[in-house]
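Shown next, in structure tokens, is the structure this report addresses.
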Amino acid sequence: MRRVELEGATAFVAGRHSVLVDCPEGCAAAWQQAGLPAMGPDAVCFTGGGWLQIAGLYGLLGSFGQQRQLPLRLLVDMRRQEVEILAGAFLRNEHAAVSVEADWPGEPLKVGPFTLQSRAVGEDLAWVVNGVEVTPR
């Protein structure tokens, strides 16, 4: 597993699979410039619903959502709804393979070769990806 730091986000890559933690503005371009998988991430985990964590979601969906065969999984804190609202706005205008999945902190999730688990940090989440923790910024 390789960890790649992007401006305001963290990517994890294992072979053709990848996970992104947070999606700030310009994230799709940063993803491409870093030479990460051309189909985009398998899943995006959000540490919170603030603008700094989700501002790049619309661009990410536009860049990678339509060419995917498997849905881009958006893993969100079930206590917050900002990501669902933004993804819903995108899906009203575009056809894309996207799934929004609410996560209750502490429940383990599988994404390809990754095991993800979140834990509550106040109003936000920290994500542990294959044993490596990413905390809210």
Side-chain angles (χ1 to χ4, degrees):
M1 177 180 79
R2 180 170 58 118
R3 178 180 179 156
V4 179
E5 294 297 329
L6 304 173
E7 178 99 19
T10 304
F12 294 91
V13 181
R16 62 181 179 85
H17 296 283
S18 56
V19 171
L20 179 64
V21 179
D22 287 332
C23 190
E25 188 171 354
C27 198
W31 181 275
Q32 292 167 334
Q33 289 170 355
L36 297 172
M39 294 303 286
D42 295 327
V44 182
C45 310
F46 295 91
T47 59
W51 188 246
L52 293 177
Q53 291 105 350
I54 69 172
L57 180 58
Y58 210 86
L60 189 85
L61 291 171
S63 296
F64 302 118
Q66 295 180 338
Q67 62 206 29
R68 302 179 60 84
Q69 294 182 353
L70 294 175
L72 172 60
R73 296 173 67 184
L74 304 178
L75 306 175
V76 300
D77 185 346
M78 70 180 298
R79 302 171 298 169
R80 315 263 320 236
Q81 295 182 338
E82 296 88 350
V83 171
E84 293 98 324
I85 292 168
L86 194 55
F90 179 84
L91 292 172
R92 279 194 294 278
N93 298 312
E94 302 286 338
H95 172 72
V98 176
S99 71
V100 179
E101 302 172 32
D103 173 54
W104 185 255
E107 291 297 314
L109 301 165
K110 289 294 285 178
V111 176
F114 301 103
T115 300
L116 295 84
Q117 194 162 14
S118 64
R119 68 176 178 81
V121 178
E123 294 287 319
D124 295 325
L125 294 178
W127 284 90
V128 178
V129 180
N130 286 4
V132 178
E133 185 171 89
V134 179
T135 57
R137 298 172 195 256

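For clarity, every value in this text was computed on a predicted model and none was experimentally measured. Index from 1, following the sequence.
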Full working for side chain to side chain contact (heavy atoms under 4.5 Å, CB included) between Ser18 and Leu36: CA-CA 8 Å; Ser18 56; Leu36 297 172; over 6 Å; no

Closest contact, heavy atoms only, Leu20 versus Ala9: CD1-CB, 3.9 Å

ILVMFWY cluster, Val44 and Val4 together (side-chain gap under 4.5 Å): yes

CG-CG distance between Asp42 and Leu75, expressed to the nearest 0.5 angstrom: 10.5 Å

In one Ile/Leu/Val/Met/Phe/Trp/Tyr side-chain cluster, 4.5 Å: Val134, Leu52: no

Shortest non-hydrogen contact from Trp31 toward Phe64: CD1-CZ, 3.4 Å

Residue from Val19, Val111, Leu72 passing side chain to side chain contact (heavy atoms under 4.5 Å, CB included) with Pro41: Leu72

Within one Ile-Leu-Val-Met-Phe-Trp-Tyr cluster: Val128 and Val121, side-chain cutoff 4.5 Å: no

Whether over 12 other heavy atoms sit under 6.0 Å from Glu7 CD: no

Neighbour count above 12 (heavy atom, 6.0 Å) for Glu123 CD: no

Option passing side chain to side chain donor-acceptor pair (under 3.5 Å) with Thr47 (candidates Thr10, Asp22, Asp124): Asp22

Shared hydrophobic cluster, Phe114 / Leu109 (ILVMFWY, side-chain heavy atoms < 4.5 Å): yes

Minimal non-hydrogen separation, Gln117 against Gly106, with atom names: NE2-O, 2.5 Å

Shortest non-hydrogen contact between Gln53 and Gly48, atoms and distance: CB-O, 3.7 Å

Leu60 side, atom CG; Leu74 side, atom CG - distance, nearest 0.5 Å: 8.0 Å

Neighbour count >12 (heavy atoms, 6.0 Å) for atom CZ, Arg16: no

Shortest non-hydrogen separation from Arg119 to Glu133 and the atoms involved: NE-OE2, 2.9 Å

Minimum-distance pair of heavy atoms, taken over all atoms of Pro113 and Asn130: O-ND2, 3.5 Å

Thr115 vs Lys110 side-chain heavy atoms within contact, under 4.5 Å: yes

Side chain to side chain contact (heavy atoms under 4.5 Å, CB included) between Arg137 and Val21, intermediate numbers included: CA-CA 11 Å; Arg137 298 172 195 256; Val21 179; over 6 Å; no

